[in-house]
Structure formats: C-alpha cells, structure tokens
Amino acid sequence: MPEELVALYAPDDDTGRVTGTAPRSRVRAENLPHAATAVLLVDEEGRVYVHRRTETKDVFPGMWDCWAGGVVTAGEDPQEAASRELVEELGVHVPRLEPLFRHWYRDDRTHYLACCYRARWQSEALNGPVVHQPDEVAEGGWTTLAGLRELLADPTRPFVPDGRVGIERYLAGDLTGHAAEVAR
C-alpha cells in the first residue's frame with residue numbers, strides 16, 4: 001500500500017497556500033510545514049468532548065486532547081479533512097462545521113497550520129453515538145468548560161501542547177483570523 005501523501009503549506013502564511021506534497025513519514029521526519037484540522041465537538045449543553053490519545057500515536061501519545069483532527073492530505077480541502085477526521089476519530093457525523101480560526105503551531109515535532117472548527121453534536125439519533133477509533137482514542141467523555149479548564153491545569157493528566165494553544169485561544173474568545181472571516 002503506498003504511503004499517504006500530505007499537502008505541504010507555505011510556512012507562516014495563514015491563507016492556506018499549498019506548495020507541494022510529501023509522504024507522511026518525510027513530513028514527520030523533517031518537520032515540514034503542512035496543515036492539520038482541529039474540530040471541537042460541543043453538545044447542546046455546551047459541554048466539550050475530551051479524549052486521551054492512544055500510546056501508539058506518532059505525535060503526543062497518551063496525552064489528553066479536546067480536538068479531533070489530523071493532517072490534510074494531498075488534494076484535500078481542510079474543511080473536508082476536518083469532517084473526515086471527526087468521523088474517523090469519534091464516529092460523529094454533523095451537517096456543518098463552523099470555522100473558528102487558523103493559526104500556525106510549531107515545536108520540535110510538528111509544524112502546521114491549524115484549521116480549527118466547531119461541530120455541534122445534538123443527539124445520537126441525529127449525529128450518531130461517539131465511537132472511538134481504537135488505534136487513535138483510548139478513552140473519552142463529555143466535560144463542562146470548567147472541567148476542561150481543570151484538565152488543562154492538572155499536571156498529572158498531560159494535555160497535548162498544540163491542542164492547548166488552540167483551546168486557550170478559543171476559551172479566551174479569540175475567534176479572529178482567516179477562517180472566522182470566511183464564516184461571517
């Protein structure tokens with residue numbers, strides 16, 4: 001089976017300009033700039049779905065996160081990738097994703113344009129149950145925003161650093177940026 005090709009993006013350009021492609025292994029090994037999606041799943045009560053990544057994940061294994069997402073593959077639109085990742089990781093189908101914001105994240109393991117969205121989960125009847133992809137999600141559940149803040153502050157339950165940056169921006173009410181402008 002051929003290796004997945006990932007879209008490469010112009011570094012630090014939040015317009016989402018694709019500059020080429022590379023195999024996923026090369027993107028990881030060389031920390032190449034790419035795009036990834038992040039979907040915050042929120043229910044009717046305003047609770048957020050949080051989950052712990054499996055120990056076999058290639059980036060930030062075993063850590064807690066509140067975003068479902070993954071890399072944007074070659075030829076894929078970020079919003080399409082976000083919908084795909086939400087179904088793959090949590091088994092949830094929603095009719096529409098709400099664009100929130102875009103921001104660049106970089107550390108010694110990853111360098112990507114985060115394309116952030118919110119999905120509104122209404123019920124199992126409408127959106128299906130939350131079903132974890134066993135290779136990616138070890139456990140998860142709904143929490144209030146206060147519970148999410150407690151999780152972020154708990155040093156015994158490490159939170160993915162890239163997800164922390166995005167959720168702190170969201171909690172601060174910073175929904176500015178290219179994606180938010182598109183939604184207006």
Side-chain angles (χ1 to χ4, degrees), residues 6-18 27 31-44 46-53 57-60 63-74 76-107 109-122 127 130 133 136-137 140 142-145 147-149 151-152 158-184:
V6 174
L8 300 179
Y9 280 66
D12 303 319
D13 174 353
D14 70 353
T15 64
R17 187 168 50 88
V18 176
V27 170
N31 203 5
L32 299 175
H34 60 286
T37 63
V39 181
L40 188 68
L41 185 60
V42 179
D43 73 4
E44 291 179 311
R47 298 179 305 170
V48 173
Y49 198 84
V50 297
H51 63 278
R52 189 174 60 80
R53 297 163 66 90
K57 290 291 290 178
D58 61 343
V59 178
F60 310 126
M63 293 184 166
W64 285 89
D65 201 353
C66 60
W67 302 96
V71 301
V72 177
T73 59
E76 190 174 34
D77 174 78
Q79 188 155 341
E80 292 169 359
S83 291
R84 174 183 53 77
E85 288 287 347
L86 183 60
V87 172
E88 285 178 11
E89 286 186 21
L90 301 179
V92 173
H93 299 266
V94 296
R96 172 174 131 25
L97 295 176
E98 300 169 54
L100 295 173
F101 50 82
R102 289 182 176 183
H103 69 95
W104 278 93
Y105 177 83
R106 185 175 191 169
D107 64 21
R109 301 173 78 183
T110 189
H111 181 193
Y112 70 92
L113 175 63
C115 302
C116 302
Y117 301 88
R118 179 173 43 211
R120 302 224 181 239
W121 187 88
Q122 296 176 341
N127 306 115
V130 175
Q133 204 286 347
E136 298 192 33
V137 179
W142 296 101
T143 189
T144 63
L145 290 180
L148 177 58
R149 286 183 172 96
L151 175 62
L152 289 164
F159 205 88
V160 294
D162 58 340
R164 178 182 296 277
V165 169
I167 197 59
E168 286 176 350
R169 184 173 178 173
Y170 177 85
L171 291 171
D174 181 7
L175 302 181
T176 60
H178 177 72
E181 290 170 16
V182 170
R184 288 189 194 134

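Quick note: numbers below take in every heavy atom, side chains included, and nothing from hydrogens, waters or symmetry partners. Computed from a predicted structure; not experimentally measured.
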Contacts of P158 that satisfy side-chain contact (heavy atoms from CB on, under 4.5 Å) - sequence neighbours left out | M63
With a 4.5 Å limit on heavy-atom distance, are the side chains of C115 and Y9 in contact?
-> no
Excluding sequence neighbours, so at least two apart, what forms side chain to side chain donor-acceptor pair (under 3.5 Å) with T110?
-> none
Side chains of T143 and L151 in contact at under 4.5 Å (non-hydrogen atoms) | no
Stepwise, does the side-chain contact (heavy atoms from CB on, under 4.5 Å) test hold for V92 with L41?
-> CA-CA 9 Å; V92 173; L41 185 60; 4.0 Å; yes
Enter the distance from I167:CD1 to D65:CG here, rounded to the nearest 0.5 Å.
-> 9.0 Å
Across all chains, not counting sequence neighbours, the side-chain contact (heavy atoms from CB on, under 4.5 Å) partners of V87 are H93
Taking all non-hydrogen atoms of both residues into account, name the closest pair between L86 and A68 and its distance.
-> CD1-CB, 4.2 Å
Which residues pass the side-chain contact (heavy atoms from CB on, under 4.5 Å) test with R47, sequence neighbours left out?
-> D43, E45, W142, T144
Closest heavy-atom pair, P161 versus Y105, reported as atoms and distance to 0.1 Å, is CB-OH, 3.4 Å
Has R109 got its NZ or CZ under 6.0 Å from the middle of the six-membered ring of F60, at an angle within 45 degrees of the ring axis?
-> yes
Going through the distances and angles, do L32 and H111 end up as a side-chain contact (heavy atoms from CB on, under 4.5 Å)?
-> CA-CA 6 Å; L32 299 175; H111 181 193; over 6 Å; no
Could you tell me whether the side chain of R106 reaches within less than 4.5 Å of the side chain of P11, counting heavy atoms only?
-> no
Just jot down the salt bridge (Lys or Arg N to Asp or Glu O under 4.0 Å) partners of R17, sequence neighbours excluded, or say none.
-> D13
Excluding sequence neighbours, so at least two apart, what forms side-chain contact (heavy atoms from CB on, under 4.5 Å) with A82?
-> T37, V39, L97, Y117
Give the minimum heavy-atom separation between G46 and L145, together with the two atoms involved.
-> O-CG, 4.2 Å
When every non-hydrogen atom of V59 is compared with those of R53, the smallest separation belongs to O-NH2, 2.5 Å
Any side-chain heavy-atom pair of R164 and L152 under 4.5 Å = yes
L40 side chain near C116 side chain, heavy-atom distance below 4.5 Å = no
Could you pull out all residues at least two apart from H103 that satisfy ring pair (Phe, Tyr, Trp, His ring centres under 6.0 Å)?
-> F101
Taking all atoms of both residues into account, what is the closest heavy-atom pair of C66 and V50, and its distance?
-> CB-CG1, 3.9 Å
Residue pairs fulfilling salt bridge (Lys or Arg N to Asp or Glu O under 4.0 Å) with at least one residue in residues 85-96, sequence neighbours excluded = R84-E88
Nearest atoms (heavy-atom pairs only) where Q79 meets P99 | OE1-CG, 4.4 Å
Qualifying residues under side chain to side chain donor-acceptor pair (under 3.5 Å), relative to D162, sequence neighbours excluded = Y112
Measure the shortest side-chain to side-chain distance between L148 and F159 over non-hydrogen atoms and say whether it is less than 4.5 angstrom.
-> yes
